[in-house]
Every structure is written in structure tokens, then in C-alpha cells.
Amino acid sequence: MGDNTLVLGHRLSEWCGLGPALEEDIALANTALDLIGQTQMWLGLAAEVEEQGRDADDLAMLRDVWDFRNLLLVERPNGDFGLTMMRSFLFDHWHHAMLSRLTASSDERVAAIAAKAVKEVSYHAERSAEMVIGLGDGTEESHRRMRAALDTLWPYTGEMFVNDDVDERLARAGIAPLPTDLRGGWEETVRDILARATLTVPEEGFAHAGGRSGARHSEHLGHMLTQMQWLQRAYPGATW
């Protein structure tokens, strides 16, 4: 959860000063700040659990590509504004569904973080859905771009719903739901919104995978980490 919010938070921060309108620029920056704030809580908990003397900053700034466990979707480059909004839309609704279930986690620390984060993510999901509808059902040009964005990103959504051994152990302990259990509700919501946006879900069933397990990340994550981590790597322990 922390790696997803860290990577997407950094991606959205790349829009700061470049948004197509001042209001959108501010909204993207605020969303990035929300996700980075959630990252601090998730990675702080991860550092506490592993008991290796590391903290959230260490986990964010001093790990290499192969140690990250994020969805491949969130490390995709921003592209144009439509591609960025489609990526956020597809992730936000999965994120909201997952956090809603985590509020009932048997681990009180997980439940507390989820309860705090789900309020912010509820707004993220509402906003990205409105943008997808507005752009998909907008001009001929905006519709073309949103259709291209959906075709590009849809194959990255399947990874959200693949179970592994860790998921099954967490589910048996009542800590987290199985990813497969989220698919039905997510698809129903997303398909309804896409229909209102006059966009058609691709029929192709292929799904990219490997990000959550760390087995295979895209080249884009390495480039992103180089930019994100260079200062801490060049000047270890630097603070300001």
C-alpha cells in the first residue's frame, strides 16, 4: 500500500507547475500530498513491523527498484493530462475499495491508517471519475485521447486482483481482503462510469504483472527513483 501511494504520489507531483489550468495544477499537487502523507503512515508501519532499525524515509529513499512492491499501473509515465487522469481513475477506485475493507482489519494499526486515508481517497475517486466523464464525453479530441488512455492502461488493471501467498496469509489472519474479492465491485463501478464517459472497455484479457511481487518492474520505475532518491543517495542523512 505504501509503495503504491509513494510512486503515484511522486508521479502526480511531476505535474506541479505544468497543469493545464491553475485549478487542475493545485488539485493534482494536493492529491500528491495526500498520497505522500499516506505513504509516511504505511511505510512507518512497515518499518515498525520489520524491526530492522529503518524508518519510513529509509524505505522510501534507500531501496532499489527490485525491493518495491507497487502495481505496475502507478509507475506508468504521466503522458498527457488524459492519460494521467485515466491512470488515477483506475487506481483510485481500487484504492478506495481496498481501504474500505482494510478499515475492518484485525490489525488495529492497519485499520486506523485505512480509516484516515479512505476519506481522502473518496474525494480522489469522485474527482477522477468526474474528469473521465467530462473528457470522455467531451470534444472529439478529448474523447480520442481518453479512449487511447483506456486502451493503454486497461491491461495494467488485472494485477490489482491477483492473489499471492502473502495475500492468502493476510486474509486468513483477517488483516486484509483477498485481492480477487475486490474485482466484482470495482468492475461494476468502473464500467458504469466509463459507459457514462462513452468509453468502451477493451475486450482483450491480457494483464501485465510482476510489480506487486517485485519480479518485474518497468524501466520507468528506475528512472523515477533516480530522480526521487538522488539527493538522499548523494548526501546520506541530509535534512532541511
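Since this is a predicted model, take the numbers as computed values, not measurements. The chain is numbered in sequence order, starting from 1.
Counting only distance, with no hydrogens or angles, the side chain of Ser122 and the backbone of Val118 share no donor-acceptor pair below 3.5 Å. Formation of a donor-acceptor pair under 3.5 Å by the His143 side chain with backbone atoms of Gly136 is found in this model.
The shortest non-hydrogen separation linking Phe161 to Pro179 is CD2-O, 3.4 Å. Heavy atoms only, all atoms of each residue included: Leu182 and Pro177 are closest at CD2-CG, 4.4 Å. Considering all non-hydrogen atoms of both residues, Ala47 and Ala56 come closest at CB-N, 4.3 Å. The heavy-atom pair separating Ala173 from Ser106 by the smallest distance is O-OG, 2.8 Å. Contact detail for Leu194 and Phe89: the closest heavy-atom pair is CD2-CE2, 3.7 Å. The two residues Gly9 and Ala32 make their nearest non-hydrogen contact at O-CB, 3.4 Å.
For the pair His124/Leu35, a side-chain contact is recorded, criterion being any heavy-atom separation below 4.5 Å from C-beta on. A heavy-atom distance below 4.5 Å is not found between the side chains of Gln38 and Met1. Inter-residue side-chain proximity for Met86 and Met131 is flagged as unmet; no heavy-atom pair is nearer than 4.5 Å. Side-chain contact check for Met160 versus Leu71: some heavy-atom pair is nearer than 4.5 Å. In this structure the side chain of Met228 never reaches within 4.5 angstrom of the side chain of Val7, judged on heavy atoms. With contacts defined as side-chain heavy-atom distances shorter than 4.5 Å, the pair His217/Leu72 qualifies.
Note that OG of Ser13 and CG of Leu28 are 10.0 Å apart. Values are rounded to the nearest 0.5 Å. The CZ atom of Phe68 sits 11.0 Å away from atom CG of Asn4, with the distance rounded to the nearest 0.5 Å. Here the straight-line distance linking atom CG of Leu12 with atom CG of Leu33 works out to 10.5 Å at 0.5 Å rounding. Atom-to-atom distance recorded for Met224:CE and Thr226:OG1 is 9.5 Å, nearest 0.5 angstrom. Note that the CG atom of Asn163 and the OG1 atom of Thr180 stand 3.5 Å from one another [nearest 0.5 Å]. Put simply, CG on Leu135 and CZ on Phe81 are 6.5 Å apart, with the number rounded to the nearest 0.5 Å.
For residues 16-38, every residue pair satisfying the salt bridge (charged side-chain N to carboxylate O under 4.0 Å, His left out) rule, not counting sequence neighbours, is listed here: Glu24-Arg127. Note on residues 85-94: pairs passing side-chain hydrogen bond (donor to acceptor under 3.5 Å, both in side chains), not counting sequence neighbours, are Asn78-Arg87, Asp92-Ser128. For residues 67-77, there are no salt bridge (charged side-chain N to carboxylate O under 4.0 Å, His left out) pairs, not counting sequence neighbours. Residue pairs satisfying the salt bridge (charged side-chain N to carboxylate O under 4.0 Å, His left out) criterion with at least one member in residues 213-240, sequence neighbours excluded, are listed as follows: Asp64-Arg233. For residues 165-176, every residue pair satisfying the side-chain hydrogen bond (donor to acceptor under 3.5 Å, both in side chains) rule, not counting sequence neighbours, is listed here: Asp167-Arg212.
Among residues two or more places apart in sequence or in another chain, the salt bridge (Lys or Arg N to Asp or Glu O under 4.0 Å) test is passed with Glu141 by Arg144, Arg145. For Arg109, the salt bridge (Lys or Arg N to Asp or Glu O under 4.0 Å) partners at least two apart in sequence or on another chain are Glu48, Asp107. Partners of His208 by ring pair (Phe, Tyr, Trp, His ring centres under 6.0 Å), not counting sequence neighbours, listed by chain and number: Tyr156, Phe206. With sequence neighbours left out, the salt bridge (Lys or Arg N to Asp or Glu O under 4.0 Å) criterion links Asp192 to Arg196. In this structure, Arg147 has no salt bridge (Lys or Arg N to Asp or Glu O under 4.0 Å) partners at least two apart in sequence or on a different chain. With sequence neighbours excluded, the residues forming a side chain to side chain contact (heavy atoms under 4.5 Å, CB included) with Pro202 are Leu150, Asp151, Trp154, listed by chain and number.
At a threshold of 4.5 Å between side-chain heavy atoms, the hydrophobic network of Ile, Leu, Val, Met, Phe, Trp and Tyr places Leu178 and Trp186 in two separate groups. Tracing side-chain contacts under 4.5 Å through hydrophobic residues (I, L, V, M, F, W, Y), one never reaches Tyr123 starting from Met41; they form parts of separate clusters. Taken together through direct or relayed side-chain contacts under 4.5 Å among Ile, Leu, Val, Met, Phe, Trp and Tyr, Trp66 and Leu43 form parts of separate hydrophobic clusters. Both Ile193 and Val201 belong to a common hydrophobic cluster when Ile, Leu, Val, Met, Phe, Trp and Tyr are linked at side-chain heavy-atom distances under 4.5 angstrom. There is no path of hydrophobic side-chain contacts, each under 4.5 Å, that joins Val74 to Val162.
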Go through it in stages, so that I can follow the logic: the residues are Leu62 and Gln232, the test is side-chain contact (heavy atoms from CB on, under 4.5 Å), and I'd like the CA-CA distance, side-chain angles, deciding distance and then a yes or no. CA-CA 8 Å; Leu62 298 177; Gln232 191 59 223; 4.0 Å; yes
Does the side-chain contact (heavy atoms from CB on, under 4.5 Å) test come out yes or no for Gln52 and Asp58, once each step is laid out? CA-CA 11 Å; Gln52 297 295 317; Asp58 294 330; over 6 Å; no
May I have the step-by-step check of side-chain contact (heavy atoms from CB on, under 4.5 Å) for Leu73 and Glu159, ending in yes or no? CA-CA 8 Å; Leu73 175 68; Glu159 188 184 22; over 6 Å; no
Where do Phe91 and Thr157 land on the side-chain contact (heavy atoms from CB on, under 4.5 Å) test, with the steps shown first? CA-CA 8 Å; Phe91 175 78; Thr157 61; over 6 Å; no
Output a table of donor-acceptor pairs, distance under 3.5 Å, between side-chain atoms of residues 96-103 and any protein atom two or more places apart or on a different chain; print 'none' if there are none.
residue	atom	partner	partner atom	Å
Ser100	OG	His96	O	2.8
Thr103	OG1	Ser100	O	2.6

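Within a 6.0 Å sphere centred on CD of Glu188, other residues, nucleotides and ligands contribute 12 heavy atoms or fewer.
Electrostatic pairing of Asp3 and Arg63 counts as a salt bridge here, judged by a charged N lying under 4.0 Å from a carboxylate O.
No donor-acceptor contact under 3.5 angstrom links the side chains of Trp42 and Thr5, judged on distance only.
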